[in-house]
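Letters A, B, ... are given to chains in the order of the sequence lines, protein chains preceding strands, and every chain is numbered from 1.
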Amino acid sequence: PHFIIRLPRSNMDVCFNIDSKPGHILNLVSDIGTGVVVNGQLISSKKVHKDKLKTYFGVVSVYYQPEGFSVTVSTDRITTTDGRRSNVFTWGSTAEITHDGVTVSIVKNAQATITINNRIQVTVLLHRVWKKHPVNVDFLGVYLSNSNQYSPLVHGLIGQFSQEPEVRVYGVHEGADPLKKEATMEVKGNKLLVTRGWQKDYTWDRKHGSNVYCWFIHNSGKGFIDGHYSDYIVPDLDSFLQLP
Amino acid sequence: ATLTSEEQEDFGAITGQDITVKSYKVESRITSRFAHVTVRSSVVNSGTKAQSIAFNVQIPKRAFISNFTMNVNGITFVGSVKEKTLARKLYARARSRNHAAGIVRTNSQDLEVFKTEVHVPPGSNIEFELHYQEMMERKLGFYEHSLYLQPGRLVPHFQVDVYIYEQNGIASVETSNTFGTQFAELIKVTSTKDKAHVVFKPSVQQQRECANCTNSAIDGELTVKYDVTRDSTSGELQVSDSYFFYFLAPSNLSPFPKNIVFVIDVSGSMWGVKMKQTVEAMRAILDDLTVEDQFGIIDFNHNVRCWNEDLVPGSSLHTTSAKSYIESIKPNGGTNINEALMRAVQMLMRAFNQDLINSRSISMIILVSDGDPTVGEIKLSVIQKNIKRAMREEFSLFSVGIGFDVDYDFLERIAMENRGMAQRIYANHDAAEQLRTFYHQVSSPLLSKIAVRFSDESVTNVTQSQFDKYFSGSELVVAGRVLPSESSSLSGYTSASSANMDLILEMDADIHKLDEELAKQQHSFTGFAKQMWAYLTIKQLIGERSLAPTAAKKRKITQRIISLSLDHQFVTPLTALLVTNDDDPTEMLLADSPMDPKHGCCSALPATSRVTFPPRPPGGMVYATPPSRPHWLLPATQPPTPSQVKKGEVDETLVTTNGVTRVDED
């Protein structure tokens, strides 16, 4: 999957890809302060295409620990669980589900938005592809609002950027690909070679998406994210990130 | 279905050797859970003497007959639905001129038997055609469409066709029959995404009971069981012919925990098989409880006893102990329903007041009884009031009536009035299994406080749209009319609570799509929407009528039922089918709906009501003469004796006093 991080103070977007293995669960937000965790499990395309087995989010889980309540969104269904009881909703429904402080709004065959205490909102978009497509599979997109009110203890592949890092980009120059400029980015004490490019944001146009121009970080976000991407692989859909 | 001895005799009459059933065809067209069934039979008196030919069809009790026609030697009798008193008046007038004969509808457990008989000369050709319509009710995850086939003899052209069309798709179709396993492979099912066709067309040889037998083995039930595809938890909204239907049947939701008080009648009449089967059923029911559930058991005869004064969790320790208690009960004595139910309510109230009941749980009382109250408060109306007054909104009452000695109408009334359901259990059948099945239907409540809403500007004439509970495997149905508008879609909302969350479901439908699809279908039930809406509305009004608090309200509901029944040609409890001869409208037959056997109308009906056709005279005149008048057609000037009424020999709906006919106690 690709990640786009909006950095409002620097007025720029930063992107990176993470190509882990199908089945791996990546922690996106882990906030032990509010008790919220957002994890995404990877699925792969049907076969290798251009020497690459693409991975996407096939399952996204939002767990709210204080209520022991989780919402698991897959490309087939949306499941809510409060420990003993689970309820399954199809993507064919438009529904609003309320469980104590958690609201799940499902828009038929389009998106599911999970709102926790009106403070944290996670939107999951369903991307359906042609069932008989030789390579592509249905996948999910996850959108986390910049206005989410996490605690200072928040972390995770996306959560760590709730505290916007200082970023400086300089030395913009022509790259190997004449259409893609290159530059140097200074962030978190690292100097990274970054490439100007774009990624798709499907928030407004779920079918075609809109291009977001961003500075692309190579090597699975190495240097931009804290540690290595593999540090964000967690064992279960409701696992919090174990900080060293 | 088992025939009564009387029906057996009657059945024997039509299997005489000199009658040829040329064809027997049954066709069902089911569209969006609504079925139109046509039964056609063509019979010839191939003997040398005049004789009686009967046409018997067993139809489900929930079905409404919509028409019956009969053609005897080219003379057609056509049916039309009339308001009951008017039909009877017309019929009485014809009868006074010896121009009438009866069609009888009798009760038989879940079925009603529609029967008519004609006395015809040799060589006569008779064609019968009966139409009825019914809504498929979803139970335990399936719609079940049962056809009761009794051709009476070997038939050269025997065929059953069931055509199903479901817009959202058919998830599964299966068939079963009670005639014999050899017929299983003769029932062919073909299905596509949204259509299914079941055909059963045995040859004469295949119909035989044995290779050289002349008897037909086809005497029983052919059942088609199916379910629809549900791709939305929000339910399915359909619009056809300016009527809408909303079907809600979510699955995959966690059931509510339950607080159940079982109230079991252990009066003397329960002694023997009934009690044995109740114990057997209770064993299985108790095994189904979980530790999240709470339960209590009250057994009553003239006294009321509690196995435990308070509700206890459904742990194995408690259920084992409860089973032993029930097994040790020896039925005897009278029946004190009132006190038993009051104790059950108190048990729930106590748990409520002590805060022992989870706010997201369902509290219910399940009453099992086989007879009327004989001890304590015995006035049914007072018991009904007492229960209604004592019950809290959060409690519901489910009634199970075993056998025919129980006033099932009463049990149904108290259940309906208290947010529950009733079920009759037939003691001569596998009662334990029936009781268990009923329990399974109500033991998994998935939703409560369900309200379906549409904007006032978009719909009108909406049927019941608020429901207390939704049980797993069943289906809630709301219907209404779509008001003309610019919009090509209809949308609505459903709010409900589940075991751990509150839900708002949104549904929408294209108002033209279904009609476009139906236009392409060869075997769909044309005009189903109008009939289905009327069927649901009438059923609902019949329920409301029995609970009407004032005479004025009851009269108003009665008028509405009659008006709808006439508009939509349904034989309901307030209308009758008058079958008249085209050539001579004074020749007529009458089919009324039967009452519950407890009310004594039907089991004593003679099987001799019939139309007699003498040999066709040269001038072509044929007339009908009732050789023996059915005793429920007493002249208005001849009131029944008190003993007749008491013994149930006279239909209560026709009890006459001083020349005034009292209809349905209105």
Atom NZ of Lys258(B) with >12 non-hydrogen neighbours under 6.0 angstrom: yes

Contact winner vs chain A - Asp508(B), Asp231(B), Asp502(B), heavy-atom pairs under 4.5 Å: Asp502(B)

Where at least one partner belongs to residues 100-128 of chain A, residue pairs that pass salt bridge (Lys or Arg N to Asp or Glu O under 4.0 Å), sequence neighbours excluded: Arg128(A)-Asp138(A)

Side chain / backbone / both / neither for Thr79(A) at chain B, heavy atoms under 4.5 Å: neither

Leading residue by heavy atom contact count with chain A [cutoff under 4.5 Å; candidates Leu446(B), Ile504(B), Asn500(B)]: Asn500(B)

Proximal to chain A - members of residues 486-499 of chain B, heavy-atom separation under 4.5 Å: Ser498(B), Ala499(B)

Separation between CG of Leu503(B) and OG1 of Thr80(A), rounded to the nearest 0.5 Å: 8.5 Å

Segment of Pro255(B) engaging chain A (4.5 angstrom heavy-atom cut-off): backbone

Heavy-atom pair with the smallest gap, counting every atom of Thr233(B) and Ser93(A): N-OG, 2.7 Å

Met501(B) side, atom CE; Asp82(A) side, atom CG - distance, nearest 0.5 Å: 7.0 Å

Shortest non-hydrogen contact from Ser234(B) toward Thr94(A): OG-O, 3.2 Å

Side-chain heavy atoms of Phe89(A) within contact of Leu253(B), under 4.5 Å: yes

Residue Glu393(B) excluded, over 12 heavy atoms near CD under 6.0 Å: no

Heavy atoms from other residues, nucleotides or ligands near CG of Asn118(A) exceed 12 (cutoff 6.0 Å): no

Crowding at NZ, Lys200(A) (>12 non-hydrogen neighbours, <6.0 Å): yes

Full working for side-chain contact (heavy atoms from CB on, under 4.5 Å) between Arg360(B) and Arg85(A): CA-CA 12 Å; Arg360(B) 282 195 187 262; Arg85(A) 291 193 190 86; over 6 Å; no

